[in-house]
Every structure is written in structure tokens, then in C-alpha cells.
Peer 1: 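Please read through the structure below; I'll follow up with questions.
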Amino acid sequence: MTTTASRRATGSRARIRDRGQVDAIVLAALADGPLRQDEIADVLRSQVGDALDLPFSRIVPTLHRLQRNRLVSRPSQDPRRYRLTDTGTRSLAARRRAADAFAASLHHLADGGGR
């Protein structure tokens with residue numbers, strides 16, 4: 001059994017609770033091409049490592065929601081793979097711009113530029 005203290009000792013991990021952030025992370029994982037659910041988890045682990053707390057159990061319902069919202073699709077020739085739709089690509093680009101603007105504002109304020 002893992003205790004809270006031992007989980008904290010493993011390092012600083014960002015826990016994502018906002019559904020929009022989870023959506024953006026999964027969309028970003030699909031930016032380079034179609035992937036299966038397990039491949040998306042592998043991409044997230046290899047790209048962000050332990051810095052992100054996003055269990056595999058959150059990826060599957062996220063993909064289903066993104067598919068319902070027409071941001072991803074599954075080709076009939078390989079229905080286990082998910083790919084970005086044109087709408088998903090535009091959504092990812094907008095989310096990246098918003099995240100970049102937020103990060104720039106945060107850095108500006110934290111560096112004392114907001115005074």
C-alpha cells in the first residue's frame with residue numbers, strides 16, 4: 001500500500017483534474033499521427049515522464065469524449081487507432097496558443113513585471 005508520504009517523496013507530479021487539460025494532453029499526444037490507447041499512454045510517459053499524474057484509466061474515457069465531440073476519429077480499417085480530425089487539429093492549435101499566453105502571463109507576473 002502506498003502512503004501519501006511515499007507518493008510525495010517520488011517527486012513533483014502535476015495532477016491534472018481539469019477535463020479540458022486532460023483533453024489537450026491527449027490531443028497533443030496524437031499530434032504526430034494515429035495511436036492506440038496504450039501507445040498514447042507510452043507517448044505521455046516517454047515525453048513527460050513522472051512529471052504528469054495521468055493514469056491510463058483517464059485516457060480511455062477521454063478518447064471516447066473526444067470522439068463524441070468529433071476531435072478524434074477511428075478509421076474503419078484500423079478502429080483501435082485514434083487520429084486527430086481537422087477540428088481536433090484546430091482545437092489543439094487554439095489550446096496551445098491559450099496555454100502559451102497563460103504561461104507568458106504567469107512568467108511576466110512572477111518576474112515582477114506586473115507591478
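If you read the sequence from its start, that first residue is 1, and numbering goes on from there.
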Peer 1: Any side-chain to backbone donor/acceptor pair from S91 onto T87? Under 3.5 Å, distance only.
Peer 2: no

Peer 1: Given S73 and R83, is the side chain to side chain contact (heavy atoms under 4.5 Å, CB included) satisfied, shown in steps?
Peer 2: CA-CA 6 Å; S73 66; R83 69 168 187 82; 3.4 Å; yes

Peer 1: How long is the span from the CZ atom in R45 to the CG atom in D38, to the nearest 0.5 Å?
Peer 2: 9.0 Å

Peer 1: With a 4.5 Å heavy-atom cut-off, do R58 and V26 have their side chains touching?
Peer 2: no

Peer 1: Would Y82 and R36 satisfy side chain to side chain contact (heavy atoms under 4.5 Å, CB included), going step by step from the backbone distance to the final call?
Peer 2: CA-CA 6 Å; Y82 290 83; R36 293 186 321 262; over 6 Å; no

Peer 1: Would you name the heavy atoms of V72 and T85 that are closest together and state the gap between them?
Peer 2: C-CG2, 3.7 Å

Peer 1: Using the salt bridge (charged side-chain N to carboxylate O under 4.0 Å, His left out) criterion, which residues pair with R70? Sequence neighbours excluded.
Peer 2: none

Peer 1: What distance do D23 atom CG and T62 atom OG1 have between them, rounded to the nearest 0.5 Å?
Peer 2: 6.0 Å

Peer 1: Are the side chains of R80 and R74 in touch, meaning some heavy atoms are under 4.5 Å apart?
Peer 2: no

Peer 1: Specify the closest pair of heavy atoms between I59 and Q37, including all atoms of both residues, with the distance to one decimal.
Peer 2: CG2-O, 4.4 Å

Peer 1: One pair to check against side chain to side chain contact (heavy atoms under 4.5 Å, CB included): L30 and L63. What are the steps and the verdict?
Peer 2: CA-CA 11 Å; L30 290 168; L63 286 166; 4.2 Å; yes

Peer 1: Does one hydrophobic cluster hold both L109 and L106, with members joined at side-chain heavy-atom distances below 4.5 Å?
Peer 2: no

Peer 1: Counting neighbours of CG on D100 that are heavy atoms of other residues, nucleotides or ligands and sit closer than 6.0 Å, is the number greater than 12?
Peer 2: yes

Peer 1: Restricting to side-chain contact (heavy atoms from CB on, under 4.5 Å), what partner residues turn up for R96, sequence neighbours left out?
Peer 2: A31, L92

Peer 1: Return the set of residues passing salt bridge (charged side-chain N to carboxylate O under 4.0 Å, His left out) with R81 (not counting sequence neighbours), or none when no residue passes.
Peer 2: E39, D78

Peer 1: Go through the steps for R65 and L71 under the test side chain to side chain contact (heavy atoms under 4.5 Å, CB included), then give the verdict.
Peer 2: CA-CA 9 Å; R65 184 176 56 256; L71 299 176; over 6 Å; no

